[in-house]
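As structure tokens, the structure follows; a few thoughts come after it.
Count residues from 1 along the sequence.
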Amino acid sequence: YAGLAAIKTRLKYTRWCQQHGWTFHAKGKPLTYGVVKNRDDAKNSKMIWRSNRNNMIMTKRFGERGASLHHVYTGNKKDQALFLVADSGQNCVDMVIYHHSLKHNHGLKLPHGMQAVEFESGEFNKQWIVKAMDPKAAYDRVNQGVMEYLLATRKVYAIEYIGGLLIVRG
């Protein structure tokens, strides 16, 4: 059944790519397709899984910026995730934003050495954790619109800005 499930997943991703103008790669090493310019910054990521055995990658260019979606898994159905890796358009101070429920699970290596950043919204601070190398940069990046979006969504994300990359784990 595992082989059939993998085939169905590949077909689902292939169809999605065809409908949305992305390119599907059934296998490969993440970030080797050259679409994302700042892919070397991913080496310092706290979120990208390095122990993944299998992955399916979708890539697309948006003008000068590249993006790739990575469906990665370690062989265990519970250990899988979808990552968006994209050129952020500028060099950013290292920062992570993650839902409070991710604090102790999901294979997420949370950063050490970053400062916790508190915002005026107590509700946001209850649900989301923000850590940054420079708290002022976090206040500039996480504005009221970002906080409202994250509070309104039912999805559990982990977001990382590192170098010239934006990485989102969904």
Side-chain angles (χ1 to χ4, degrees), residues 13-14 16-25 27-50 52 55-72 80-100 102-103 106-121 124-125 127-170:
Y13 284 138
T14 300
W16 184 89
C17 286
Q18 289 170 343
Q19 292 170 353
H20 295 92
W22 288 66
T23 302
F24 178 75
H25 309 276
K27 290 201 178 277
K29 293 182 179 179
L31 302 171
T32 58
Y33 291 102
V35 175
V36 177
K37 288 188 291 188
N38 298 301
R39 62 186 173 269
D40 287 340
D41 291 333
K43 293 175 187 172
N44 299 317
S45 170
K46 313 297 184 281
M47 291 190 339
I48 294 281
W49 288 3
R50 286 171 181 59
N52 64 319
N55 56 67
M56 289 178 259
I57 303 165
M58 296 146 279
T59 58
K60 185 172 181 172
R61 294 216 44 88
F62 297 90
E64 292 295 314
R65 297 184 192 172
S68 58
L69 288 168
H70 305 259
H71 177 217
V72 298
Q80 58 181 320
L82 185 65
F83 292 94
L84 166 69
V85 180
D87 290 313
S88 66
Q90 59 184 323
N91 242 353
C92 302
V93 171
D94 292 359
M95 177 174 70
V96 293
I97 306 165
Y98 55 94
H99 193 269
H100 206 275
L102 294 176
K103 190 173 181 178
H106 300 285
L108 193 63
K109 294 178 181 173
L110 299 178
H112 298 286
M114 289 187 179
Q115 297 177 42
V117 181
E118 295 284 322
F119 293 86
E120 290 181 16
S121 169
F124 181 79
N125 292 331
Q127 292 185 37
W128 294 90
I129 297 169
V130 178
K131 291 187 175 186
M133 295 303 286
D134 176 7
K136 184 186 178 325
Y139 292 121
D140 292 342
R141 175 104 22 219
V142 183
N143 60 31
Q144 188 64 34
V146 170
M147 286 190 281
E148 288 174 6
Y149 174 80
L150 291 173
L151 286 170
T153 188
R154 293 180 178 212
K155 304 256 184 212
V156 175
Y157 294 112
I159 302 164
E160 180 178 29
Y161 289 95
I162 185 160
L165 289 180
L166 165 66
I167 301 171
V168 179
R169 178 183 179 221

Side chains of L165 and D87, heavy atoms from C-beta outward: is any pair under 4.5 Å? yes
Is any side-chain heavy atom of W128 less than 4.5 Å from a side-chain heavy atom of V146? no
Where do N91 and G164 come nearest, in terms of heavy atoms and distance? OD1-N, 3.2 Å
Within the 4.5 Å heavy-atom criterion, are V130 and R141 side-chain neighbours or not? no
Assess the residue pair V117 and M95 against the criterion (side-chain contact (heavy atoms from CB on, under 4.5 Å)); give the C-alpha distance rounded to whole Å, side-chain angles, the decisive distance to 0.1 Å, and a yes or no. CA-CA 10 Å; V117 181; M95 177 174 70; over 6 Å; no
So which atom in S88 and which in G163 form the shortest heavy-atom distance, rounded to 0.1 Å? OG-O, 4.3 Å
Taking F119's backbone N and O only, do any of them form a donor-acceptor pair with N125's side chain (distance below 3.5 Å, no angle check)? yes
Could you grab the distance from atom SG of C17 to atom NE2 of H25, nearest 0.5 Å is fine? 8.0 Å
Measure the spacing between CZ of F124 and CD of E118 and express it to the nearest 0.5 Å. 10.0 Å
Between OG1 on residue T59 and CH2 on residue W22, distance to nearest 0.5 Å: 7.5 Å
How long is the span from the CE atom in M58 to the NE2 atom in H20, to the nearest 0.5 Å? 12.0 Å
Would you give the length of the straight line joining atom CG of D134 to atom OH of Y139, rounded to the nearest 0.5 angstrom? 10.5 Å
Interatomic spacing from CG in L82 to CZ in R169 - rounded to 0.5 Å: 10.0 Å
List the steps, then state whether side-chain contact (heavy atoms from CB on, under 4.5 Å) holds for Q127 with L150. CA-CA 9 Å; Q127 292 185 37; L150 291 173; over 6 Å; no
Is there a donor-acceptor pair closer than 3.5 Å between any side-chain N or O of Y161 and the backbone N or O of I167? no
side-chain contact (heavy atoms from CB on, under 4.5 Å) for Y98 and K131? Distances and angles first, verdict last. CA-CA 9 Å; Y98 55 94; K131 291 187 175 186; 3.7 Å; yes
